[in-house]
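What follows is a short report on a single structure.
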There are 2 protein chains.
Amino acid sequence: MPRAKLRPERVFHALGDPTRRAMVERLSERPHSVSALAGPLGVTLTAVAQHLAVLEESGLVRTEKIGRVRTARLEAAGLSTLEQWIKQRRTHFERQLDRLGELLDEDDDPLV
Amino acid sequence: MPRAKLRPERVFHALGDPTRRAMVERLSERPHSVSALAGPLGVTLTAVAQHLAVLEESGLVRTEKIGRVRTARLEAAGLSTLEQWIKQRRTHFERQLDRLGELLDEDDDPLV
DNA sequence: TCGATGCTGAAGTATCGGCTTCAGCAATGG
DNA sequence: CCATTGCTGAAGCCGATACTTCAGCATCGA
């Protein structure tokens with residue numbers, strides 16, 4: 001598997017699903033095998049594998065198969081992609097508030 | 001509509017959809033009416049209204065109807081919810097790396 | 001070597017979610 | 001007061017997707 005794209009597009013979609021979010025939460029603590037992930041989730045290995053594929057495409061997770069065990073670990077860059085998107089939204093949002101502030105300040109001018 | 005829940009659960013689901021993400025991006029710049037949002041998106045007013053309902057439930061957006069116009073604006077708290085979730089994941093992730101570091105440090109001990 | 005373990009691929013099902021249409025209603029403005 | 005504008009509710013369509021089962025295959029360990 002080559003390295004993934006890291007578009008916020010995919011990251012948000014990946015985290016939109018509760019099961020995948022749960023997986024990411026587990027993976028943020030330590031790497032897990034497919035079956036280790038499946039256990040607590042109460043889904044089949046196949047389901048987990050499918051979710052892992054999505055997570056991997058999003059760039060949030062990296063997996064590596066050694067012998068018959070595939071180990072998945074969190075990829076920090078994925079989180080950064082998210083953070084960047086949020087930061088940008090917040091910047092625009094604050095600019096918006098600033099403009100509003102300026103407008104209100106103009107009330108200092110005499111209206112008549 | 002009373003105030004929303006602010007669970008990361010809902011926020012991620014809300015942002016998982018491309019159309020809603022586009023709406024949030026527009027709203028981060030300035031508030032918009034339902035029809036103002038609909039225009040560039042090429043969807044019906046109904047669709048936008050449905051998306052707004054989801055966004056509002058997630059706490060990302062607040063809307064207010066004045067006369068016949070409903071105005072939607074971004075709610076900063078929603079973004080914070082996201083940021084917190086990410087921060088927590090990152091914290092766990094780094095703890096994981098730290099533990100790994102300690103393990104490797106033990107190589108300093110004589111092996112024989 | 002043989003059974004158990006861990007995973008994978010293909011294929012099908014069923015639920016969900018995004019979208020539309022249509023019919024209506026309230027506010028606006030000339 | 002009437003036409004226009006802006007939105008809403010109900011209902012239905014359809015494609016996406018989360019999940020399953022089943023049949024394999026490779027690896028590991030005794």
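Every chain is numbered from 1, with letters handed out A, B, ... down the list of sequences.
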* **Minimum side-chain heavy-atom gap B:R21-A:E9 below 4.5 Å** => yes
* Asked: Less than 4.5 Å apart, any side-chain heavy atom of B:L82 and any of B:L15?
  -> yes
* Structure fact -> From CZ of B:R70 across to P of C:dT28 the rounded distance in Å is 14 Å
* **Minimum-distance nucleotide to A:T46 side chain [options: D:dG6, C:dT20, C:dA10]** => C:dA10
* Short side-chain N/O contact to C:dT20 OP1/OP2 from B:T44, under 4.0 Å -> yes
* Expressed in angstrom and rounded to an integer, what is the separation of A:K65 atom NZ from C:dC7 atom P? -> 8 Å
* Touch check for A:S35, heavy atoms < 4.0 angstrom, all strands: base, sugar-phosphate only, or nothing? -> sugar-phosphate
* CG of A:L52 versus C1' of D:dA18: gap in Å, rounded? -> 14 Å
* **Separation of atom CG in B:L45 from atom C1' in C:dA26, rounded to whole Å** => 15 Å
* With rounding to the nearest 0.5 Å, note down the distance linking CG in A:L55 to CG in A:L27. => 7.5 Å
* Rounded to the nearest Å, what distance is computed from the NE2 atom of residue B:H51 to the P atom of nucleotide C:dC19? -> 4 Å
* From the options A:R10, A:H13, A:R7, select the one residue that forms a side chain to side chain donor-acceptor pair (under 3.5 Å) with A:E57. => A:R10
* Mapping B:Q50 and B:R68 onto DNA chain D by nearest heavy atom, which one lands closer to the 5' end? -> B:R68
* Asked: Starting at CG of B:L37 and ending at P of C:dC19, how long is that distance when rounded to a whole Å?
  -> 13 Å
* Counting side-chain heavy atoms from C-beta on, which of D:dT8, C:dT8, C:dC19 comes nearest to B:T19? -> C:dC19
* Structure fact -> By nearest-heavy-atom nucleotide on DNA chain D, the more 5' of A:H13 and A:G67 is A:H13
* To do: Can you label the angle between the A:F12 ring and the B:F12 ring as parallel, tilted or perpendicular, going by 30° and 60°?
  => tilted
* What's the CG-C1' distance between A:L55 and D:dA18, to the nearest Å? -> 13 Å
* To do: Just compare C:dT20, D:dT8, C:dG6 and give me whichever is closest to any side-chain atom of B:A49.
  => D:dT8
